[in-house]
Amino acid sequence: MSVSVQEADFDVGAEIAALTAGNVDAGAVASFVGLVRGGTIEAMTLEHYPAMTGKALDDIVAEARQRWELLGVRVIHRVGRLLPGDRIVLVAVASTHRQAAFEACEFIMDYLKTRAPFWKREETAAGGRWVDARDSDDEALRRWAE
Amino acid sequence: MTVRILYFASLREALGTSGETLDLPPGVATTGALRDHIAARGEPWLQLARAKNLRCAVNQAMVGFDAAVKAGDEVAFFPPVTGG
């Protein structure tokens with residue numbers, strides 16, 4: 001199971017260990033963990049399109065596997081109400097050498113940010129607001145175009 | 001024959017509904033035409049025409065506003081995604 005969408009938290013160490021368990025060819029694991037930033041934010045609720053999210057993430061992972069020789073990929077994205085410091089997303093990639101792992105990890109995050117149907121709503125003392133998409137996310141995606 | 005339409009996030013809130021089932025009107029054959037047909041109801045549906053960077057999906061795959069829509073499809077309209 002390489003992709004999960006869930007309310008529950010995840011154990012980063014256990015996920016990374018599972019990714020390479022029994023695979024002695026793996027020479028590198030790169031991972032990214034996204035967290036809820038605090039500041040003025042008291043909580044964050046993640047909405048998603050349940051029928052589409054799993055498929056969208058599967059497609060992104062498949063695309064990464066076409067571009068790089070990967071030994072394992074794990075993506076977990078949480079939904080529901082989260083608090084500052086909570087983990088939101090994990091992307092972990094195993095490969096024989098570090099370059100593929102680093103690049104594929106970034107690629108998956110850049111695609112996830114612009115293609116996977118999740119939406120963040122922040123709660124602050126002043127009320128709630130939907131997070132706006134950033135132009136920089138679209139720019140990050142463009143560098144992978146060839 | 002009908003299409004199932006879904007709305008998400010800020011658009012869902014602005015419209016006050018998460019979705020509807022609609023008889024596909026004659027002449028409406030693309031996601032763009034469907035968006036315009038719904039927006040023509042007036043407020044709050046005009047939000048669909050006004051929304052900056054509106055996105056859509058047909059049968060759970062993101063597509064453009066020239067994508068074909070046929071009876072039985074699930075069409076979703078939503079703002080740009082902000083996960084991760």
Side-chain angles (χ1 to χ4, degrees), chain A residues 3 5 32-37 44-60 62 75-80 82 87-91 105-122 127-138 140-141, chain B residues 2-22 24 30-32 34-35 38 43-84:
Chain A
V3 165
V5 178
F32 172 84
V33 178
L35 308 171
V36 179
R37 253 190 317 273
M44 175 175 278
T45 300
L46 274 135
E47 175 172 330
H48 72 132
Y49 177 2
M52 181 175 165
T53 35
K55 186 169 171 251
L57 294 174
D58 282 343
D59 288 349
I60 294 166
V75 178
I76 305 177
H77 203 300
R78 294 178 70 191
V79 293
L82 303 173
R87 283 175 278 271
I88 305 172
V89 61
L90 167 71
V91 175
C105 188
E106 273 203 275
F107 172 90
I108 290 169
M109 270 311 298
D110 286 346
Y111 267 70
L112 186 156
K113 281 263 180 193
T114 52
R115 299 284 172 83
F118 295 95
W119 299 273
K120 288 177 181 146
R121 189 174 193 282
E122 295 172 347
R129 62 175 285 275
W130 290 94
V131 173
D132 284 327
R134 292 163 179 261
D135 290 340
S136 58
D137 288 337
D138 284 328
L141 191 64
Chain B
T2 61
V3 284
R4 180 72 192 149
I5 302 172
L6 302 173
Y7 307 111
F8 289 97
S10 54
L11 186 64
R12 169 179 59 72
E13 279 190 351
L15 298 177
T17 180
S18 60
E20 58 183 306
T21 298
L22 201 70
L24 199 59
T30 64
T31 48
L34 181 61
R35 170 200 58 196
I38 297 168
E43 296 294 354
W45 308 98
L46 272 169
Q47 186 69 31
L48 279 166
R50 263 201 313 263
K52 219 177 82 183
N53 300 323
L54 184 74
R55 302 282 196 263
C56 68
V58 173
N59 300 327
Q60 301 91 42
M62 241 193 260
V63 293
F65 285 95
D66 55 354
V69 174
K70 58 185 191 316
D73 283 347
E74 179 175 283
V75 181
F77 293 107
F78 45 82
V81 303
T82 55

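Below, read A as the first sequence line, B as the second, and so on, with proteins coming before strands; counting in each chain starts at 1. Since the model is a prediction, treat every value here as computed from it, not as a measurement.
Within the 4.5 angstrom heavy-atom criterion, no atom of A/D137 approaches chain B. In this structure, the portion of A/K55 lying under 4.5 Å from any heavy atom of chain B is its side chain and not its backbone. Contact of A/W119 with chain B is made through backbone and side chain together, with heavy-atom distances under 4.5 Å. When heavy atoms are compared at a cutoff of 4.5 Å, A/A56 does not approach chain B at all. With a 4.5 Å cut-off on non-hydrogen atoms, B/A61 touches chain A through its backbone and its side chain both. Heavy atoms of B/N53 lying under 4.5 Å from chain A are absent altogether.
Around CZ of A/R129, the count of heavy atoms belonging to other residues, nucleotides or ligands within 6.0 Å exceeds 12. Annotation: B/R4, atom CZ; neighbour count of heavy atoms from other residues, nucleotides and ligands within 6.0 Å is above 12.
Residues B/F8 and A/H48 share a closest heavy-atom pair of CE2-O, 3.5 Å. Minimum heavy-atom separation, A/M52 to B/A57: SD-CB, 3.9 Å. Of all non-hydrogen atoms in B/V81 and A/A133, the two that sit nearest each other are O-CB, 4.1 Å.
Using modelled atom types, one side-chain atom of A/E47 and one backbone atom of B/A9 make a donor-acceptor pair closer than 3.5 Å.
B/E74 places a side-chain heavy atom less than 4.5 Å from the side chain of A/Y49.
To the nearest 0.5 Å, atoms CZ (A/R121) and OG1 (B/T82) are separated by 12.0 Å. A distance of 7.5 Å separates CG of A/D132 from NZ of B/K52, quoted to the nearest 0.5 Å.
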